[in-house]
Amino acid sequence: MSIGAAPGDLRHLSLRAARAGADAIREARSQGFRTMHKGGAAQDPVTTADHASERAILDLLARDRPQDAVLAEESGLSAGCSGLRWIVDPLDGTLNFSHGASRYAVSIAVATGCDDGDGQVVAATILQPATGACLVLDGDGALDGDVPVTVDREAAPGHALVAFAVPNAPGPRRRAYQSLVGVAPLVADLRNSGSTVCDLAAVARGELDAFVSFDPAPWDVAAGTALVEARRWGDPTVAPRRDGGPGHRRAGRRGRAGRLAEPRPYGRRRREEGNRR
């Protein structure tokens, strides 16, 4: 697979990295944090907790896996030579966090094969610091704490509870809401929780039936999509095409990253294009 990269080691490191980020977030909250806004947009904040979490995660990865590439939300792409790429969202749901809400998370994924096009996520962890909830990719399945994730129902579209996330930029944001006008009559209800990562974790657990996103960034969805696809029963995410047209992405049982882990255009994408809040 890669230089010294046993699947169990990568799984354990993804969990350690998520815990390091969560600890940094809790410390920043306890000591007080500052909030800035990317490009001045109120919908796209970044806090000192985001940066503290990312530093803690990247320091750990640099010590344990210095040969691996890393794609992180705040610092971008760092090259590697091992064939593995870590995909890091240090704090997804920053707007929630800055308002004192509990729905935010750290997302860690590692994928192989990114340099050849499509990538395969081989380890992933989503950890919600406020609640301690933690999902870990475990071989062909997913663990909720120590318990295998099993979803025992598959909702018909008309009975589906569907979460969604929209872009931050005004034009794409407006078009996304216009598209959702057509989705709303087809499902039981729509939810916008403010955290793509938390919503995908909820789909993986069966708390939500589907998730709709418009041109998400790879750090938003790499770990969550792999965890959704790894659950024991499966009908996970619904995603419009990147060009804004209609379309659905139905994932199978295996945790494939697909286009989510491609080295391009994600390494050079404009930051305002993601669903980062």
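Remember, it's a predicted structure, so these values are computed and weren't measured experimentally.
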Point-to-point distance, once rounded to the nearest 0.5 Å, from CZ of Arg11 to OG1 of Thr125: 9.5 Å
Asp50 backbone acceptor or donor facing Ser53 side chain under 3.5 Å: no
Same apolar cluster: Ile25 and Val88, side chain cutoff 4.5 Å: yes
Same apolar cluster (I L V M F W Y, side chains within < 4.5 Å links), Val121/Leu143: no
Common cluster, Ile57/Leu15, ILVMFWY with side-chain heavy-atom separation under 4.5 Å: no
Within 6.0 angstrom of Arg19 CZ, more than 12 heavy atoms from elsewhere: no
Pair listing, salt bridge (charged side-chain N to carboxylate O under 4.0 Å, His left out) test, anchored in residues 189-198, at least two apart: Asp189-Arg191
Side-chain touch Asn168/Arg173, heavy atoms, less than 4.5 angstrom: yes
Joint hydrophobic cluster, Leu208 plus Val228, side-chain heavy atoms closer than 4.5 Å: yes
Spatial distance of atom CG (Leu227) from atom CG (Leu200) [nearest 0.5 Å]: 9.0 Å
Pairing residues for Phe97 by the ring-ring contact (aromatic ring centres under 6.0 Å, His included) criterion, not counting sequence neighbours: Phe33, Tyr104
Distance (rounded to the nearest 0.5 Å) between Leu61 CG and Gln67 CD: 10.5 Å
Pairs flagged by ring pair (Phe, Tyr, Trp, His ring centres under 6.0 Å) wherever residues 131-152 is involved - sequence neighbours left out: none
Atom of Asn192, atom of Tyr177 and distance for their closest heavy-atom approach: ND2-OH, 3.5 Å
Heavy-atom side-chain proximity of Asp23 to Arg26 below 4.5 angstrom: yes
Validation row: Ser179, Phe214 side chains within 4.5 angstrom (heavy atoms): yes
Any donor-acceptor pair under 3.5 Å from Asp138 side chain to Pro148 backbone: no
Donor-acceptor contact below 3.5 Å, side chain Asp68 vs main chain Trp86: no
Close side-chain approach of Trp219 and Asp92, heavy atoms under 4.5 Å: no
Heavy-atom closest pair, residues Thr35 and Pro45: CG2-CB, 3.9 Å
Distance (rounded to the nearest 0.5 Å) between Cys198 SG and Ile126 CD1: 8.0 Å
Interatomic spacing from CG in Leu77 to CZ in Arg85 - rounded to 0.5 Å: 5.0 Å
Salt bridge (Lys or Arg N to Asp or Glu O under 4.0 Å) involving Arg205 - partner list, sequence neighbours excluded: Asp144
Side-chain donor or acceptor of His99 paired with backbone N/O of Leu95 under 3.5 Å: yes
Non-neighbouring partners of Arg16 that pass salt bridge (Lys or Arg N to Asp or Glu O under 4.0 Å), sequence neighbours left out: Asp64
In one Ile/Leu/Val/Met/Phe/Trp/Tyr side-chain cluster, 4.5 Å: Leu60, Leu127: no
Atom of Arg29, atom of Gly100 and distance for their closest heavy-atom approach: NH2-CA, 4.2 Å
Atom of Leu137, atom of Ala230 and distance for their closest heavy-atom approach: CD1-CB, 3.4 Å
Side-chain cluster (under 4.5 Å, hydrophobic types only) that Val181 belongs to, other residues: none
4.5 Å side-chain heavy-atom contact, Ser213 and Asp220: no
Non-hydrogen side-chain atoms of Val106 and Val197 separated by less than 4.5 Å: no
Leu10 side chain reached by Leu84 side chain, heavy atoms, under 4.5 Å: yes
Check: Asp199 side chain, Ala163 main-chain N or O, donor-acceptor pair, under 3.5 Å: no
Non-hydrogen atoms of Leu180 and Phe164 that approach each other most closely: CD1-CD1, 3.4 Å
Distance (rounded to the nearest 0.5 Å) between Arg65 CZ and Ser82 OG: 5.5 Å
Minimum-distance pair of heavy atoms, taken over all atoms of Ala72 and Leu58: CB-CD2, 4.3 Å
